[in-house]
S.K.: 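I have a structure here, written as C-alpha cells, and I will follow up with some questions on it.
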Amino acid sequence: MTNSMKAVTIPEFGPAEVLRLDAVAVPEPGPGEVSIDVAYAGANFAEVLYRQGVVDVPLPFVPGIEVSGRIRALGEGVSGLAVGEPVAALTIVASGGYAEVVTTSADLVAPLAGTGLEVAAAVPSNSTTAFLVLERVARLAPGERVLVHAAAGGAGSQLGQVARLLGAGRVVGTVGSEAKIAAAKAFGYDEVVLRDEVAGTGEFDVVVDMVGGPARRASLDRLAPMGRLVVMGNASGAEDVGIPANELWFTNKTVSGFNLAAFAAVAPETVGPALRRAVTAVADGTLRVDVESLPLADAATAHRRIESGSTTGKLVLRVRPPREGEGHGRGRGV
C-alpha cells in the first residue's frame with residue numbers, strides 16, 4: 001500500500017475554485033475504526049459550508065461526509081466487518097470522503113447487499129437523517145400531516161418518502177422554482193408547491209425546514225397545536241430567525257434542531273442502526289435515490305451546482321469506481 005493518495009482539499013476558504021486535487025497521506029484506522037477504499041463520495045451542502053468557512057475546520061481540509069467503497073483495513077477491536085467487503089459509510093464526524101481512502105468509526109458503516117456502490121454513496125447522509133429526524137426528533141405518528149421544505153433536494157427527496165413509509169397521512173413539499181415541482185412529486189409527496197405559496201397549504205403536525213429565513217417563520221405559522229418544527233439547516237444563508245419562547249407556550253408548538261454531524265459524534269451507536277436501515281430500504285426498493293455522478297476532479301462543479309440550488313436528487317463524485325462487472329446491484333439511481 002502506498003503512503004500517498006489523491007484527495008480534493010480546501011487549502012483556503014472561498015468560492016468553489018479554491019478546491020484543489022492534491023496528494024495527501026493515506027490515513028490509518030485507529031481503535032474502533034475502519035479504513036475504506038473509496039469508490040464514490042456524496043456531494044452535500046455541508047461540504048459547501050466547510051469550504052466557505054461557515055464551519056470552522058483546520059486547513060488544509062479534506063471534505064466529504066459520506067462514501068461507498070470497500071473495507072481496506074480494520075482497526076483494533078473491530079468485528080463484524082471484513083477487509084474487501086463493500087460498504088456505505090458516514091464519514092461526517094471528521095470528514096475526509098473526497099479522497100481515495102478515508103477512516104471512520106466502525107459503528108457508522110453499513111455492509112451492502114444488493115445495492116450498487118454509486119447509489120450507496122448517496123444514502124448515508126440524507127436517508128439516515130430522514131429516519132432520525134422523523135422518528136426520533138419529530139416523533140411522527142401514523143396519520144399525521146408533514147410539510148418538508150426543499151423537497152426536490154437530497155434530504156427533501158428522502159424525507160417525503162420516509163414520512164410516507166412511517167404512515168404519514170398527508171405529505172406536502174415546497175420547492176424554490178416551478179422547474180422542480182415535477183421532480184419533487186416523484187419522491188412521495190401528495191402535493192408540491194412553491195415556497196412562497198406555503199401559506200395556503202393548511203396546518204401540519206410536523207414541518208422540516210432546512211432552508212431558513214422567511215421559510216422558518218412560515219413553518220412555525222403552519223404548525224397545528226402540538227405541532228413540531230424541526231430545524232436542520234439554513235440553505236438560504238439568511239440571518240437567524242428568532243422564535244419567542246412565550247409564543248411557543250401560548251400556541252402549544254415545539255421547535256427542535258437536528259445536526260447529523262454533532263449527533264454522530266456523540267451517539268454513533270444510535271446513528272449506525274438508522275444508516276443500516278436506510279441502506280436496506282434502498283436495496284429493497286422501499287426508498288428511491290436518484291443519483292448523478294461526476295469525476296472527483298469536478299468537485300468544484302458539484303459545489304457550484306449545489307450552491308445555485310439547481311440540483312434535484314443527489315450528486316456523487318467518482319473517486320475509484322469499480323471495474324466493469326464489479327460493485328453493481330439493485331438501486332434506483334439514474
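For the single chain, residues carry numbers from 1 onward in sequence order.
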S.K.: Which heavy-atom pair separates Ala302 from Ala43 by the least distance, and what is that distance?
M.R.: CB-CB, 4.2 Å

S.K.: Would you indicate whether the side-chain heavy atoms of Val119 and Val282 approach each other to under 4.5 Å?
M.R.: yes

S.K.: Donor-acceptor pair, Glu76 side chain versus Gly30 backbone, under 3.5 Å?
M.R.: no

S.K.: Do any N or O atoms from the side chain of Ser219 and from the backbone of Val207 form a donor-acceptor pair under 3.5 angstrom?
M.R.: no

S.K.: Quick one, Val289 with Gln158, criterion side chain to side chain contact (heavy atoms under 4.5 Å, CB included). Give me CA distance, side-chain angles, the key distance, then yes/no.
M.R.: CA-CA 8 Å; Val289 179; Gln158 300 303 288; 3.8 Å; yes

S.K.: Check the pair Arg217, Leu220 against side chain to side chain contact (heavy atoms under 4.5 Å, CB included), reporting the backbone distance first and the verdict last.
M.R.: CA-CA 5 Å; Arg217 179 66 250 184; Leu220 192 64; 3.4 Å; yes

S.K.: Can you tell if the side chain of Met232 reaches within under 4.5 Å of the side chain of Val208, non-hydrogen atoms only?
M.R.: yes

S.K.: So do Phe263 and Thr270 actually touch side chain to side chain, heavy atoms under 4.5 Å?
M.R.: yes

S.K.: Quick one: pull up CG in Asp298 and NE2 in His303 and give me the separation to the nearest 0.5 Å.
M.R.: 12.0 Å

S.K.: Are the side chain of Asn44 and the backbone N or O of Glu47 linked by a donor-acceptor pair below 3.5 Å?
M.R.: no

S.K.: How far apart are the C-alpha atoms of Asp107 and Val271, what are their side-chain angles, what is the distance that settles it, and do they pass the side chain to side chain contact (heavy atoms under 4.5 Å, CB included) test?
M.R.: CA-CA 8 Å; Asp107 286 335; Val271 174; over 6 Å; no

S.K.: Give a yes or no on whether a salt bridge exists between Arg72 and Glu28, defined as a side-chain N under 4.0 angstrom from a carboxylate O.
M.R.: no

S.K.: Nearest 0.5 angstrom please: Leu90 CG to Leu108 CG, how far?
M.R.: 5.5 Å

S.K.: Would you say Leu134 and Val255 are hydrophobically clustered, going by side-chain heavy atoms of ILVMFWY under 4.5 Å?
M.R.: no

S.K.: Restricting to pairs with a member in residues 163-213, which pass ring pair (Phe, Tyr, Trp, His ring centres under 6.0 Å), not counting sequence neighbours?
M.R.: none

S.K.: Between Glu66 and Ser125, is there a donor-acceptor pair closer than 3.5 Å when you use the side chain of the first and the backbone of the second?
M.R.: yes

S.K.: Please report the closest heavy-atom contact between Val319 and Ala99, naming both atoms and the distance.
M.R.: CG1-O, 3.4 Å

S.K.: Pairing donors with acceptors under 3.5 angstrom, does anything connect the side chains of Ser293 and Arg318?
M.R.: yes

S.K.: Using every non-hydrogen atom in the two residues, find where Arg276 and Ala110 come nearest and quote the distance to one decimal.
M.R.: CG-CB, 3.6 Å

S.K.: Is any NZ, NE, NH1 or NH2 atom of the basic residue among Arg70 and Asp37 found under 4.0 Å from an Asp or Glu carboxylate oxygen of the other?
M.R.: no

S.K.: Restricting to non-hydrogen atoms, name the atom on Gly97 and the atom on Val102 that form the minimum distance, rounded to 0.1 Å.
M.R.: N-CG2, 4.0 Å

S.K.: Other residues, nucleotides and ligands only: do more than 12 of their heavy atoms fall within 6.0 Å of CG on Asn246?
M.R.: yes

S.K.: Using 4.0 Å as the upper bound for N to carboxylate O, is an ion pair formed by Arg216 and Glu239?
M.R.: no

S.K.: Flag the pair Thr286 / Leu165 as yes when at least one side-chain heavy-atom distance between them is below 4.5 Å, and no otherwise.
M.R.: yes

S.K.: Side chain of Ser127, backbone of Pro124: donor and acceptor closer than 3.5 Å?
M.R.: no

S.K.: Strictly distance-based, threshold 3.5 Å: is any side-chain N or O of Thr91 a donor or acceptor partner for the main-chain N or O of Gly64?
M.R.: yes

S.K.: Does some side-chain heavy atom of Glu292 sit less than 4.5 Å from a side-chain heavy atom of Val316?
M.R.: no

S.K.: Using 0.5 Å steps for rounding, measure from the CG atom of Leu147 to the CG atom of Leu159.
M.R.: 11.0 Å

S.K.: Please check this pair: side chain of Arg51 against backbone of Pro15, looking for a donor-acceptor N/O pair closer than 3.5 Å.
M.R.: yes

S.K.: What's the spacing between Thr174 OG1 and Glu191 CD if we round to 0.5 Å?
M.R.: 11.0 Å

S.K.: Can you find a heavy atom in the side chain of Thr103 that is under 4.5 Å from one in the side chain of Val34?
M.R.: no

S.K.: Only counting residues at least two apart or in another chain, list the ones meeting side-chain contact (heavy atoms from CB on, under 4.5 Å) with Asp190.
M.R.: Arg164, Arg170, Val171

S.K.: So does Glu135 pair up with Arg277, basic N to acidic O under 4.0 Å?
M.R.: yes

S.K.: Has Glu17 got more than 12 heavy atoms of other residues, nucleotides or ligands less than 6.0 Å from its CD?
M.R.: yes

S.K.: Are Leu296 and Leu21 side-chain neighbours, meaning at least one heavy-atom pair lies under 4.5 Å?
M.R.: yes

S.K.: Is Glu12 paired with Arg20 through a side-chain N to carboxylate O contact shorter than 4.0 Å?
M.R.: no

S.K.: Do you reckon Val231 sits in the same ILVMFWY cluster as Ile92, going by side-chain contacts under 4.5 Å, direct or chained?
M.R.: no

S.K.: Which distance, rounded to the nearest 0.5 Å, do you find between the OG of Ser157 and the CG of Leu287?
M.R.: 9.0 Å

S.K.: Hey, what do you get for OG1 (Thr280) to CG (Leu112), rounding to the nearest 0.5 Å?
M.R.: 9.5 Å

S.K.: Establish whether Phe258 and Val54 are linked, either directly or via other cluster members, by ILVMFWY side-chain heavy-atom contacts under 4.5 Å.
M.R.: yes

S.K.: Could you give me the CA-CA distance, side-chain angles and deciding distance for Thr254 and Leu248, then say whether side chain to side chain contact (heavy atoms under 4.5 Å, CB included) is met?
M.R.: CA-CA 6 Å; Thr254 298; Leu248 303 179; over 6 Å; no

S.K.: Is the backbone N or O of Lys6 less than 3.5 Å from a side-chain atom of Glu100, with the two atoms forming a donor-acceptor pair by type?
M.R.: yes

S.K.: Keeping the roles fixed (side chain from Asp209, backbone from Val211), state whether a donor-acceptor pair exists under 3.5 Å.
M.R.: yes

S.K.: Would you say Val62 and Val93 are hydrophobically clustered, going by side-chain heavy atoms of ILVMFWY under 4.5 Å?
M.R.: yes

S.K.: Please report the closest heavy-atom contact between Glu247 and Thr251, naming both atoms and the distance.
M.R.: O-OG1, 2.6 Å

S.K.: Not counting sequence neighbours, list each pair that qualifies as a ring pair (Phe, Tyr, Trp, His ring centres under 6.0 Å) and has a residue in residues 26-79.
M.R.: Tyr50-Phe61

S.K.: Quick check on side-chain hydrogen bond (donor to acceptor under 3.5 Å, both in side chains): which of Arg145, Arg139, Arg228 does Asp205 satisfy it with?
M.R.: Arg145

S.K.: Minimum heavy-atom separation for Val206 to Ala138, with atom names?
M.R.: CG1-CB, 3.7 Å

S.K.: I'd like to know whether CD of Glu269 has more than 12 heavy-atom contacts from other residues, nucleotides or ligands below 6.0 angstrom.
M.R.: yes

S.K.: Are any of the side-chain heavy atoms of Val109 and Val87 separated by less than 4.5 Å?
M.R.: yes

S.K.: State yes or no: do Val123 and Leu81 share one hydrophobic cluster built from I, L, V, M, F, W and Y residues joined by side-chain heavy-atom distances below 4.5 Å, directly or via other members?
M.R.: yes

